[in-house]
Amino acid sequence: MSDNRMVQQRLGWVVSSGGAKVACASVGAGRPLVYVMGWLSHLQLSWELPAERALYEELARGCRLVRYDRSGCGLSPTVDRPASLAFELEHLAAIASWLGEPFDLIGTSMGAPVAVAWAAAHPGTVRRLVLYGGWVRGADLSAPGVRDHVLGLVESHWGLGSDVLTDIFAPDLDPTTRAEFGRYQRACSNAATARALLALSYEIDVTDRLGQVQAPTLVVHRTGDRAAPVAQAEALTAGINGAQLVRLQGRSHLPYAGDRDELVRVIRRFLGLSVPRRRTDGLTARQHEVADLVSQGCTNREIATRLGIDERSAEGHIERILLRLGFRSRAQIAAWYSARRDQA
């Protein structure tokens, strides 16, 4: 794989039929793969988070990955229009019109039911459909009292609300990384927009649209996901004719946290794209990232923060690197990786 630090995303804007200006980003080349983001997003800030950026770069190999910020999030300006599924589909229609050709479609979290609704209404535009961490009925995600409590927190105390949601979305993150992700969420939108979009996620119901989906569909879900119970993935699979369900171990709702490598392999295999193999040196893609950060002098805590993992996981990766390469010290890892980088 080429040095990921040389990859750059291309930013632009499209305008929806209702006049909303929508920021979009693309990376890679080839057939389009449209990625419908979850609750909140920021195209630029997410590209600066190493773990999240790595997910997009890995998905984009051999194709053109296209993402966008919905109105009021990230680089897309706020408009005087309430959040709704119809408005979500208007955003996606603007992207589809801009592309002008069929595309593969990935929906994550709240983006999953949005992707279902699009595929059901526009079957000729979607080659293959991937749904990660999604649901059929938002009302089934949690009890009404819990929903009201979280919505109230987001509206009245966005800082505390974002922290609570971080614990739900990525329970395995260490405290430093959780704080960083909480700040990221608050930078994505203001409290009013965050509350409106979270409320929409609870309101969306695509039960009646599942049977209209014609595209080959893959449903991927982590078994311990606290934000979206795995029963919702099973309901998606049961409702879409011929859909495949792949259950992955883990508790993180965020696709780039936890075992990102396995998630990427599953998705790319379904889309007919090349699947990353273990390197000839025996290290996984994640272990290469860790070795790179070791060569930069990062501590275990700093590595954990940069990659969105806990400190114990960072330590475990280093131990496995030492074992597989036959080294005894971090200094040897740093020297080895630096030499590889100089030769690349």
Side-chain angles (χ1 to χ4, degrees), residues 1-11 24-28 30 32-69 73-74 104-112 115 130-134 166 169-170 172-173 177 180-181 184-185 188 218 220-222 225 227-228 246 248-271 273-277 284-290 292-293 303-310 313-314 317:
M1 185 186 299
S2 60
D3 190 343
N4 284 343
R5 289 168 298 181
M6 302 302 292
V7 177
Q8 295 298 325
Q9 67 175 354
R10 301 174 293 279
L11 295 173
C24 56
S26 62
V27 60
L33 170 57
V34 177
Y35 189 107
V36 186
M37 309 287 279
W39 173 44
L40 299 178
S41 66
H42 194 300
L43 295 176
Q44 189 59 52
L45 294 182
S46 63
W47 193 247
E48 296 170 0
L49 294 174
E52 188 169 0
R53 174 172 174 167
L55 171 70
Y56 303 140
E57 289 179 334
E58 290 166 13
L59 288 174
R61 287 188 299 108
C63 65
R64 179 188 179 195
L65 182 71
V66 177
R67 302 181 296 135
Y68 62 92
D69 284 333
C73 289
D104 294 319
L105 181 61
I106 296 180
T108 66
S109 188
M110 190 180 83
V130 177
L131 307 173
Y132 167 79
T166 298
F169 293 156
D172 294 328
L173 292 180
T177 308
E180 183 179 75
F181 181 71
Y184 166 74
Q185 288 185 113
C188 287
L218 171 69
V220 191
H221 214 91
R222 290 188 172 125
D225 191 331
V246 174
L248 299 179
Q249 295 300 309
R251 301 192 301 164
S252 179
H253 184 64
L254 301 178
Y256 55 85
D259 190 349
R260 182 191 70 229
D261 293 342
E262 182 59 22
L263 176 62
V264 168
R265 282 192 289 269
V266 167
I267 292 175
R268 289 183 63 86
R269 186 177 296 113
F270 174 75
L271 295 178
L273 298 168
S274 62
V275 178
R277 295 182 178 180
T284 64
R286 172 50 61 86
Q287 288 163 357
H288 271 264
E289 291 177 324
V290 172
D292 185 7
L293 294 174
I303 291 171
T305 299
R306 293 278 294 275
L307 297 182
I309 59 179
D310 59 44
S313 294
H317 282 307

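We're numbering straight along the sequence, starting at 1. Both backbone and side-chain heavy atoms feed into the values below; hydrogens, waters and symmetry mates do not.
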Contact summary for A112 and Y132, nearest pair of heavy atoms: CB-O, 4.3 Å
Closest contact, heavy atoms only, Q9 versus A25: OE1-CB, 3.3 Å
For the student: nearest non-hydrogen atoms of S26 and V66, plus distance: CB-CG2, 4.1 Å
Minimum heavy-atom distance G38-S109, with the two atoms named: CA-CB, 3.9 Å
Test item: side-chain donor near acceptor, E180 and T305, under 3.5 Å: no
Pairwise side-chain contact, R61 with E57, heavy-atom cut-off 4.5 Å (strictly under): no
Distance (rounded to the nearest 0.5 Å) between S46 OG and Y184 OH: 4.5 Å
Heavy-atom closest pair, residues V34 and Y68: CG1-CE2, 4.5 Å
Value rounded to 0.5 Å, distance of CZ in R222 from CZ in R251: 12.0 Å
Main-chain N/O of A54 paired to R260 side chain as donor or acceptor, under 3.5 Å: no
Partner residues of L271 under the side chain to side chain contact (heavy atoms under 4.5 Å, CB included) criterion, sequence neighbours left out: R31, L33, D104, R128, V130, I267, L273
With Y56 via ring-ring contact (aromatic ring centres under 6.0 Å, His included) - residues at least two apart: Y35
Set of residues satisfying side chain to side chain contact (heavy atoms under 4.5 Å, CB included) with respect to A228, sequence neighbours excluded: W135, L141, H221, D225, H253
Close side-chain approach of I303 and H317, heavy atoms under 4.5 Å: no
Residue that, paired with V266, satisfies side-chain contact (heavy atoms from CB on, under 4.5 Å) out of V246, V275, D261: V246
Interatomic spacing from CZ in R67 to CG in L11 - rounded to 0.5 Å: 8.5 Å
Test item: F181 and L254 side chains (from C-beta on) under 4.5 Å apart, heavy atoms: yes
Rounded distance [0.5 Å steps], OG1 in T166 versus CD in Q185: 4.0 Å
R306 side chain to V290 backbone, donor-acceptor under 3.5 Å: no
Heavy-atom closest contact (W47 atom, V27 atom, distance): CH2-CG2, 3.9 Å
Rounded distance (nearest 0.5 Å) linking atom CZ of R64 with atom CZ of R10: 6.5 Å
Between OG on residue S313 and CZ on residue R286, distance to nearest 0.5 Å: 9.0 Å
Neighbour count above 12 (heavy atom, 6.0 Å) for Q249 CD: no
Any donor-acceptor pair under 3.5 Å from R268 side chain to E58 backbone: yes
